[in-house]
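Report on the structure given below.
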Amino acid sequence: MNELFEDFAKAHASKNGYLVAQTLSPVPLPHQPHRLRAVWQSTNYHSVKGDIKHFIKSSTSRSKLDNDEVNGWAEVYAAYWNALGEIVAGESGKSTWTKAYEAWRDLTSMLIRGYNNHGFEAWTIPCLYVVGKYLRLFAIKSDEERSRSAGDLSGGAALMQDDFDPELEKQAQLRDCEQHLKRIFTLCLNDRASLEESRKWGIYFVINLLFKTYFKLNSASLSRTILKTLMAYRGDMPPLEMFPKSQRVTFKYYEGVLFFLEENYVQAEKHLTEALLLCHKDAKTNLERILTYLIPCRLLTSHDLPTTAMLKPYPRLQQVFLPLAGCIRRGDLRGFDLALQKEEEYFVKRRIYLTLERGRDIALRNLLRKVFIAGGFDEAKEGEAPVRRTRIPVAEFQAAISMASGGEVIDSDEVECLLANMIYKELMKGYIARERGIVVLSKKGAFPGTGV
């Protein structure tokens, strides 16, 4: 335990928040692989609080911590020592993730109490990062463990619990974790100290943890509540640009995905593009996640189709998006349906299936545009430039749609319905003259976004 509190003393003397946070990590340091077990074995349940208080006082004698702060940190490290006991015991199968989560939850409460009651300074907020990060991870591990245990129960045992909701119980610990993360959020948000000494500098890290938690719980809409609360305090907050780049990337990514799920693709593209530009080129995993949502956005807003060169570093994205992009570009309706069906599981898992379905409208737009261009020009009047034929028989569109649908004959009423939808969605400008069986297209910008 000497080494632990020597690091604590160094951190306190230099006000190094990340170093003090390292002393609360449940993961051993690379150069000290047995540190957790050594800390656990250095004392016992009867002596732990007294020993820790002694170590803190002796190691920080030059820093002169007041008694109140010493007591606060002693409570925190006693809870940390207890959590280490569950983690170490779990390595040999003598404890569970649920017990580890509950012990780590106690540590979280002690740390929050330290800021509220014992005067912990704002430079120590990286401790909140570490404790909050692992609280979420332990909650997920605990829920997985409990789900496996529940699966081992017989049907009769489950029926005995008439108030048992398996779906609610499946993520009970993560739901509990969310409540404690919100306590950290409130702790940071409501700090009234000057910005130089404020806990508000921890706000985006905690918000990102809450985003991850809500998405894991399939309750992404709850993220909007957090954002509304943040907006109410915007005038008292440091600008986002002053926070670490990693926090900005994650925040912009989740903001973009939220807009994406709300079908606001213009705003989604804006935020996802900002995240992409901030992201380091070597962070391929993050870049791939951003592109997974950005590509469908650009498809529906700027019609910017992905290319082989664009997706070269991402073979999985090439596999799922390039066939769709090729079919959209060619106006191949049947091929688009097959490509969407082939990767349906991937698209549903990423929550982009319904959005990509709309790409069929872009494929149809491109097909109709080809018919328009193939129609050539009307005979030019003397002294005037030739103008494209704008009166297209419905039968020509019907033939093209039937061919693009794999040879299936599409009747004229259905074709007229498709054309009407394209006009309504402003993917084609014009009107249908049913009595004459023609579509009258605009002389300028008949197909918006294509230059024709």
TODO: Quick one: list whatever passes ring pair (Phe, Tyr, Trp, His ring centres under 6.0 Å) with Tyr265, sequence neighbours left out.
DONE: Phe260

- [ ] Apply side chain to side chain contact (heavy atoms under 4.5 Å, CB included) to Phe205 and list each qualifying residue two or more places apart in sequence or on a separate chain.
- [x] Tyr129, Leu209, Gln247

TODO: Mark yes or no for whether Ser198, through its side chain, and Leu195, through its backbone, hold a donor-acceptor pair below 3.5 Å.
DONE: no

- [ ] Indicate yes or no: at least one non-hydrogen side-chain atom of Cys127 is less than 4.5 angstrom from one of Val20.
- [x] yes

Open item on the list: By the side chain to side chain donor-acceptor pair (under 3.5 Å) test, which pairs, at least two apart or in different chains, include something from residues 205-214?
Closed with: Glu178-Tyr214

Open item on the list: Tell me the closest heavy-atom pair linking Cys297 and Leu272, and the distance in Å.
Closed with: SG-CD1, 4.1 Å

Task: salt bridge (charged side-chain N to carboxylate O under 4.0 Å, His left out) partners of Arg113, counting only residues at least two apart - done: none

TODO: Enter the distance from Tyr115:OH to Arg183:CZ here, rounded to the nearest 0.5 Å.
DONE: 13.5 Å

TODO: For the pair Lys284 (side chain) and Tyr314 (backbone), establish whether a donor and an acceptor sit closer than 3.5 Å, ignoring hydrogens and angles.
DONE: no

Give every donor-acceptor pair under 3.5 Å between a side-chain atom in residues 343-353 and any protein atom, sequence neighbours left out.
unit_1: Glu343; atom_1: OE1; unit_2: Arg316; atom_2: NH1; d: 3.4
unit_1: Glu343; atom_1: OE1; unit_2: Arg316; atom_2: NH2; d: 3.2
unit_1: Glu343; atom_1: OE2; unit_2: Gln319; atom_2: NE2; d: 3.4
unit_1: Arg351; atom_1: NH2; unit_2: Phe215; atom_2: O; d: 3.1
unit_1: Arg351; atom_1: NH2; unit_2: Asn218; atom_2: OD1; d: 3.0

Open item on the list: Treating Lys200 as the side-chain partner and Leu189 as the backbone partner, does any N or O pair qualify as donor plus acceptor under 3.5 Å?
Closed with: yes

Open item on the list: With heavy-atom distances below 4.5 Å as the criterion, would you say the side chains of Leu137 and Lys141 are in contact?
Closed with: no

Task: Any donor-acceptor N/O pair, Arg365 side chain to Pro448 backbone, under 3.5 Å - done: yes

Open item on the list: With a 4.0 Å cut-off on N to O distance, would you call Arg360 and Asp337 a salt bridge?
Closed with: yes

Open item on the list: Do the side chains of Glu241 and Arg248 get close enough for a salt bridge, i.e. N-O under 4.0 angstrom?
Closed with: no

Task: Set of residues satisfying ring pair (Phe, Tyr, Trp, His ring centres under 6.0 Å) with respect to Phe243, sequence neighbours excluded - done: Trp201, Tyr204

TODO: Determine the minimum heavy-atom distance between Gly430 and Ile423, stating which atoms define it.
DONE: O-CG2, 3.4 Å

Open item on the list: By the salt bridge (charged side-chain N to carboxylate O under 4.0 Å, His left out) test, which pairs, at least two apart or in different chains, include something from residues 78-103?
Closed with: Arg37-Glu91

Open item on the list: Quick one: does any side-chain atom of Arg199 pair with a main-chain N or O of Leu187 as donor and acceptor, under 3.5 Å?
Closed with: yes

Open item on the list: Could you tell me if the side chain of Phe8 sits less than 4.5 Å from the side chain of Phe55, heavy atoms only?
Closed with: no

- [ ] List in chain and number order the residues that pass side chain to side chain contact (heavy atoms under 4.5 Å, CB included) with Ser14, two or more places apart in sequence or in another chain; answer none if no residue qualifies.
- [x] Asn16

Task: Results of salt bridge (charged side-chain N to carboxylate O under 4.0 Å, His left out) for Lys15 - residues two or more places apart only - done: Glu121

Open item on the list: Just so I know, are the side chains of His280 and Lys245 near enough to count as touching, which here means a heavy-atom distance under 4.5 Å?
Closed with: no

Open item on the list: Can you pull out every ring pair (Phe, Tyr, Trp, His ring centres under 6.0 Å) where at least one residue sits in residues 21-48? Sequence neighbours excluded, please.
Closed with: Trp40-Tyr45, Trp40-Trp81, Tyr45-Trp81

- [ ] Using a 4.5 Å cut-off on heavy atoms from C-beta on, say whether the side chain of Arg358 contacts that of Glu263.
- [x] yes

Open item on the list: Donor-acceptor check, side chain of Ser47 to backbone of Thr43, threshold 3.5 angstrom: yes or no?
Closed with: no

Open item on the list: Any non-hydrogen side-chain atom of Phe120 less than 4.5 Å from a side-chain atom of Leu111?
Closed with: yes

TODO: Not counting sequence neighbours, which residues clear side-chain hydrogen bond (donor to acceptor under 3.5 Å, both in side chains) with Lys252? List them please.
DONE: Glu274

Task: Trace of the side-chain contact (heavy atoms from CB on, under 4.5 Å) decision for Val39 with Glu3 - done: CA-CA 9 Å; Val39 171; Glu3 290 181 345; over 6 Å; no

- [ ] Tell me yes or no: between the side chains of Tyr101 and Asp143, is some donor less than 3.5 Å from an acceptor?
- [x] no

Open item on the list: Can you tell me which residue among Ile328, Asp332, Leu333 is in a side chain to side chain contact (heavy atoms under 4.5 Å, CB included) with Arg330?
Closed with: Asp332

Open item on the list: Any salt bridge linking Asp361 with Lys425? Criterion: basic side-chain nitrogen under 4.0 Å from a carboxylate oxygen.
Closed with: yes

Open item on the list: Per the side chain to side chain donor-acceptor pair (under 3.5 Å) rule, what does the pair list look like for residues 65-80, sequence neighbours excluded?
Closed with: His12-Glu69, Thr23-Tyr77, Lys53-Asn71, Asp68-His118, Glu69-Trp73

TODO: Nearest 0.5 Å please: distance from the CG atom of Leu356 over to the CD1 atom of Ile362.
DONE: 11.5 Å

- [ ] Please check if the side chain of Gln171 supplies one atom and the backbone of Lys216 the other of a donor-acceptor pair under 3.5 Å.
- [x] yes

TODO: Assess the side chains of Asp106 and Ser109: does a donor N or O sit below 3.5 Å from an acceptor N or O?
DONE: no

Open item on the list: What's the separation between atom CG in Leu364 and atom CE in Met422, rounded to the nearest 0.5 Å?
Closed with: 4.5 Å

Open item on the list: Test your reading of the model: is there a side-chain donor-acceptor pair from Ser25 to the backbone of Ala21, 3.5 Å cut-off?
Closed with: no

TODO: Might you work through the salt bridge (Lys or Arg N to Asp or Glu O under 4.0 Å) test for Glu269 and Arg298, ending with a clear yes or no?
DONE: CA-CA 7 Å; Glu269 180 183 6; Arg298 288 184 173 173; 3.7 Å; yes

Open item on the list: For Phe138, is there any backbone N or O sitting under 3.5 Å from a side-chain donor or acceptor partner on Ser142?
Closed with: no

TODO: Verify whether one side chain among Thr98 and Glu145 offers a donor that lies under 3.5 Å from an acceptor in the other.
DONE: yes

Open item on the list: Under a 3.5 Å distance rule, please check whether Trp104 uses its side chain to pair with a backbone N or O of Val131 as donor and acceptor.
Closed with: yes

Open item on the list: Nearest 0.5 angstrom please: Leu419 CG to Leu368 CG, how far?
Closed with: 6.0 Å

